[in-house]
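Got a structure here, written out as C-alpha cells. Questions coming.
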Number of protein chains: 2
Amino acid sequence: MPRKPKQDRSRATVDAIVEAGFIALSQRGPADTTTRHIAEIAGVGVGSLYEYFENKQAIFSAMSQRFISDTASMIQPLTPTLVQMPIDEAIRTLLNEFRSFLERDDGRYLKCVRHAMAVDFELHLDPLYKVLNNVIMRYLMEHPETLRVSRIPAITYIGINGGIFAVIRHLSDPDPMVSFDEMADGLASMIGHYIERELSLVEDASG
Amino acid sequence: MPRKPKQDRSRATVDAIVEAGFIALSQRGPADTTTRHIAEIAGVGVGSLYEYFENKQAIFSAMSQRFISDTASMIQPLTPTLVQMPIDEAIRTLLNEFRSFLERDDGRYLKCVRHAMAVDFELHLDPLYKVLNNVIMRYLMEHPETLRVSRIPAITYIGINGGIFAVIRHLSDPDPMVSFDEMADGLASMIGHYIERELSLVEDASG
DNA sequence: ATAATTTTCCGAATTGAATCCGAACAAGCG
DNA sequence: CGCTTGTTCGGATTCAATTCGGAAAATTAT
C-alpha cells in the first residue's frame, strides 16, 4: 500500500512521476505507456512508482486530478472579468481560454485529454464544477435581472457539461463539421438567446 | 492477423464473443474483464478470440460499433414522428427514448457506457451522427421557416454532441444536481428558445 | 560525531493476463 | 472418399504490472 511522501525529495519524486506520466502519454499514447517508460522519463526506478501509487491506474488518476486542478486555477482569476461581460461574450472568452490552456506546452494536455477517456473517464471534475458554479453564481448576483429566468440549475448543468465536452470532443474530432469559433459562437448564442427569450417572456407575463 | 468469418458457424462465434463482451463488462467492470472471462461466457476457447479480433481492444471496439449501430437503428424509425412535433417536444422525446434504450436488458448498455470510456471506446459515433443529421435535415424541410435561423450547423453540432454526452454523463452521475426530466426539459427549452429568438430577430430585421 | 531510526529508492524476481501457435476437428467440393 | 479450406482449441510463450527485501540517504536521538 502506497505511502504519503514525508520529505522534499520524495515529493519531488511524486511530482516527477506525474509529470512523466503526461509526457509519456502525450508522446506514446495510452496503449504504449508502460510503467517502465514512466519510470525512465521520471528518472526513477520502476519500484519507486509503487511507493506512492497503488498501481498504474492511480498515476493516471493523479494526472487527471492535477489537470482538473490546473484548469480550475486557470479559470479562477478570470472570474471578475467574466462577470462584467455580456453573457455570450463571457462564454466565448471562457471557451477560448480553455482551448489555449489545452494547447499549452506543445499541446500536452490536449493530447492527454484526447486519450483521457481511454484511460480514466472518471475525470475528477468536482473542483472544476465548483469554480464554474462560482462564476455563474457571481454572474447572477451581478446581473439580478437574470435571476428571473427559469430552469437556471438545469441550464447551468447543461452549460457546464455541454461546454466541457463540446470543447474536448471538438478538439479530438479529426474532421469537425464546424470550426472552433463557430462552435463557441453557437454555444454562446444558444445560452444568450435562451436568456433573452426567457426575459422577454417574463416581461410579457408581467406587463 | 484476424480473419473475416466465412461460414455461419464462425459468424455465430463472433456474435457470441461480442455479446459476451457486453455481459462480462456489465457484470465485472472493465478492470476484471479478462479474455478468459469473455471466452468462457461466449462458450469458446480463448484462442478463438484472436481468430477474428486483433486483440482485446478490438473486441471492445466491435462492442462500441454494435452499440452505436443499435442506437441508430432505434432512432431511425422515430424520424417521421419526430419531424411532426414541436422542436422542444421532439428533443424531449428523443432524449427519453435514448434513456429507455440505455436501460434495456437490465441496463446492460448503460453499465457498459459507464465504463465505456474507461476501456477506450473511441465511440464510433458516425452512424449516429448520420441518423441524427438526417432527422434534423428532414425537420428543416418540414418546417421551412426554421431555415432562416442562423448558425444551424453549429447548433446541430452542439445539440448532437451535447445531447449524447449530457445523457451519458447524467446517467453516470451518482449525484446529479438536476433530475433527468429537468435536464431534458432544459436542453429542449434551450434549443427551442434559441430558434424562437432567432425567428423574432429575423422578423424584426425584415419588418 | 555516531548510532539508531525513519524515509526513500531500487531493480531483479514473480505473477498473471494477453497473445501465439500448431495440432485437431468440421465443412465444402471434386 | 481424399483434398482443401475454414474453424476451434488450450497449453506454451511473452511481456508488462506489481512485489519484495535490502541498500542508500535523510532525520533524529544520544
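Numbered from 1 within each chain, the chains take letters A, B, ... in sequence-line order.
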Practice prompt. Starting from P on C:dC9, measure out to CG on A:Asp15 and report it in whole angstrom.
Written response: 12 Å
Response to the item:
Residue set satisfying salt bridge (Lys or Arg N to Asp or Glu O under 4.0 Å) with A:Arg197, at least two apart, ordered chain then number -> B:Glu196
Worksheet item: Contact class for A:Tyr52 vs. all strands (heavy atom < 4.0 Å): base, sugar-phosphate, or nothing?
Response: sugar-phosphate
Worksheet item: By side-chain contact (heavy atoms from CB on, under 4.5 Å), which residues pair with A:Asp126, not counting sequence neighbours?
Response: A:Tyr129
Worksheet item: Counting only heavy atoms not in B:Arg11, do more than 12 sit closer than 6.0 Å to its CZ atom?
Response: yes
Worksheet entry | Where chain A begins and ends its contact with DNA chain D, read 5' to 3' at 4.0 Å from heavy atoms | D:dA16 to D:dT27
Exercise answer: donor-acceptor pairs, residues 76-84 of chain A side-chain atoms, under 3.5 Å, sequence neighbours excluded:
residue, atom, partner, partner atom, Å
A:Thr79, OG1, A:Gln76, O, 2.6
A:Gln84, NE2, A:Glu142, OE2, 3.1

Worksheet, complete the sentence: Contact string for nucleotides 15-28 of chain C, one letter per nucleotide 5' to 3', B = base within protein heavy-atom range under 4.0 Å, S = sugar-phosphate only, - = neither, reads ---BBB------S-
Worksheet item: With sequence neighbours excluded, what pairs up with A:Ala24 under the side-chain contact (heavy atoms from CB on, under 4.5 Å) test?
Response: A:Thr33, A:Ile38, A:Ile41
Worksheet item: What salt bridge (Lys or Arg N to Asp or Glu O under 4.0 Å) pairs are there with at least one residue in residues 28-54 of chain B, not counting sequence neighbours?
Response: B:Arg3-B:Glu51
Response to the item:
For B:Arg66, the salt bridge (Lys or Arg N to Asp or Glu O under 4.0 Å) test, sequence neighbours excluded, returns B:Asp15, B:Glu19
Item to complete: Tell me, please, which residues at least two apart from A:Leu140 pass side-chain contact (heavy atoms from CB on, under 4.5 Å).
Response: A:Ile136, A:Thr146, A:Leu147, A:Ile152
